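Keep in mind it's a predicted model, so treat the numbers as computed, not measured.
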Amino acid sequence: MTEVPCGEPLPAWRLEFYAPVASFRDPFFPGLARGLPVPPPSTVRGLLAAATGAPCESLAFGMAAWSEGEGVDAETYHPIDATGLNPAVSGRVRAGKGGMTLRSRPFLTGVHLTVWLPGTEGDRVARAFRRPRWALRLGRSQDLVHVEARAQVMLVPVEEAIVGHALAPVAGHDVPSAIAHRMAASISTDRMSTSWSDYLWCDLPAGRHRVRGAYQDTGYDDGTRPDGARGRALWLLAP
């Protein structure tokens, strides 16, 4: 992932999404019930590609996400036995070693995602959400996502702004409460290679801070600040 350098103000589309339930498994903890608190940028790129129908979307975009709650579900897995000794019948296999098993699956509820799509490429992708080519999902096939709002905005370069739930590069700010997450920036179309990067994310709005390489959407309010202050820092992220 590379951060897009700031320059002149940029026209962009701001799209706001909502998913009742979503789950983002942390791939660095195989076999453990650990989920990510936000969708990885690669997941958002998949959402954009579902709208346009393209194999992939590589435009730079900004994103912010937060959820209203979380939980852990027990999911039934029916792995196929490669030896053929426990064959699947109607999609199910017998319980036992190498057969049906229960695993914990963390999930988020009330997931709010905001995506900023700048420039002419942003116009193209934003138009596609009026009539998406494929169903809009945020991660797994059952996690449907809805477009709640769309607006044309101007992104202004800033050196100080309110740091909220926007995903930032590790050099984007020095907020002490920010948490670093290593996530997939993009995945190749054949799914054989993944580009990884480190991002900063704040579980709670952090207030006004010095920022680097950031833009501000002066009219944006994610609804999480009690004073209703508008304007948030965001970073344009490239794959």
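- Not counting sequence neighbours, E70 has no partner by the salt bridge (charged side-chain N to carboxylate O under 4.0 Å, His left out) test.
- Side chain of R212 to main chain of A171: a donor-acceptor pair is present (N/O by atom type, distance under 3.5 Å, no hydrogens or angles).
- Here the shortest heavy-atom pairing between A51 and A128 reads O-CB, 3.5 Å.
- Annotation: side chain to side chain donor-acceptor pair (under 3.5 Å) contacts of S141 (sequence neighbours excluded): none.
- The cluster map of Ile, Leu, Val, Met, Phe, Trp and Tyr, joined by side-chain heavy atoms under 4.5 Å apart, puts V111 and V147 in the same cluster.
- Judged by distance alone, the side chains of S42 and S186 never bring a donor and an acceptor atom under 3.5 Å apart.
- The environment of CZ in R208 is crowded: more than 12 heavy-atom neighbours from other residues, nucleotides or ligands sit within 6.0 Å.
- With a 4.5 Å cut-off on side-chain heavy atoms, P157 and P9 count as touching.
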Take R105 and S23 through the test side chain to side chain donor-acceptor pair (under 3.5 Å) and record every step on the way to the result. CA-CA 8 Å; R105 180 81 183 204; S23 178; 2.9 Å; yes

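- The stretch residues 153-165 participates, sequence neighbours left out, in these side-chain hydrogen bond (donor to acceptor under 3.5 Å, both in side chains) pairs: H165-D222.
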Show, in sequence, the C-alpha distance, side-chain angles and deciding distance for W116 and V153, and conclude whether the side-chain contact (heavy atoms from CB on, under 4.5 Å) test is met. CA-CA 9 Å; W116 287 268; V153 300; 4.2 Å; yes

CA sep, side-chain torsions, deciding dist, call: R127, W13, side-chain contact (heavy atoms from CB on, under 4.5 Å): CA-CA 10 Å; R127 285 196 303 270; W13 280 94; 6.0 Å; no

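- Clustering of Ile, Leu, Val, Met, Phe, Trp and Tyr by side-chain heavy atoms under 4.5 Å joins V21 with F107.
- With contacts defined as side-chain heavy-atom distances shorter than 4.5 Å, the pair W235/H173 qualifies.
- Contact check for V163 versus C202: side-chain heavy atoms found under the 4.5 Å cut-off.
- Residue P40 comes nearest to A184 through the heavy atom pair CB-O, 3.7 Å, listed as atom of the first residue, atom of the second, then distance.
- In this structure, the separation between CZ on R14 and CG on L155 is 9.0 Å, given to the nearest 0.5 Å.
- With a 4.5 Å cut-off on side-chain heavy atoms, L15 and L113 do not count as touching.
- Hydrophobic cluster membership differs between I187 and V44, with clusters built from Ile, Leu, Val, Met, Phe, Trp and Tyr side chains linked at under 4.5 angstrom.
- With a 4.5 Å cut-off on side-chain heavy atoms, M154 and T218 do not count as touching.
- Rounded to the nearest 0.5 angstrom, R124 CZ and T52 OG1 are separated by 6.0 Å.
- In the hydrophobic clustering of ILVMFWY residues, with side-chain heavy atoms under 4.5 Å counting as a link, V38 and I162 come out apart.
- When atom types are taken as modelled, the side chain of W201 and the backbone of A65 share a donor-acceptor pair closer than 3.5 angstrom.
- By the side chain to side chain donor-acceptor pair (under 3.5 Å) test, H112 pairs with E68, sequence neighbours left out.
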Test side-chain contact (heavy atoms from CB on, under 4.5 Å) on F129 and L136 and set out the steps. CA-CA 9 Å; F129 278 96; L136 301 181; 3.8 Å; yes

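- In this structure R137 satisfies the salt bridge (charged side-chain N to carboxylate O under 4.0 Å, His left out) test with no other residue, sequence neighbours excluded.
- We find that R182 and D26 are not joined by a salt bridge, their nearest charged nitrogen and carboxylate oxygen being 4.0 Å or further apart.
- L108 contributes atom CG, which lies 9.5 Å from atom CG of D143 (distance to the nearest 0.5 angstrom).
- Note that the CG atom of L36 and the NE2 atom of H181 stand 7.0 Å from one another [nearest 0.5 Å].
- In the hydrophobic cluster analysis, where Ile, Leu, Val, Met, Phe, Trp and Tyr join through side-chain heavy atoms closer than 4.5 angstrom, F17 is grouped apart from L144.
- The heavy-atom pair separating R130 from P132 by the smallest distance is C-CD, 3.8 Å.
- To the nearest 0.5 Å, atoms CZ (R45) and CG (L59) are separated by 6.0 Å.
- The closest side-chain heavy-atom distance from L138 to F24 is below 4.5 Å.
- Side-chain contact between L236 and L234 is present, with at least one heavy-atom pair separated by less than 4.5 Å.
- Taking all atoms of both residues into account, the shortest heavy-atom contact from G35 to P106 is N-CG, 3.7 Å.
- Salt bridge annotation for R232-D217: absent, with no cationic side-chain nitrogen under 4.0 angstrom from a carboxylate oxygen.
- Linking ILVMFWY side-chain heavy atoms closer than 4.5 Å, directly or via other members, places Y199 and V175 in a single hydrophobic cluster.
- Closest of all the heavy-atom pairs between T109 and S67 is O-CB, 3.6 Å.
- Between atom OG1 of residue T43 and atom CZ of residue R140 there is a gap of 11.5 Å, rounded to the nearest 0.5 Å.
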Verdict with reasoning, L117 to L48, per side-chain contact (heavy atoms from CB on, under 4.5 Å): CA-CA 10 Å; L117 305 170; L48 303 183; 4.1 Å; yes

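- M63 is not listed as a side-chain neighbour of T114, based on a closest heavy-atom distance of 4.5 Å or more.
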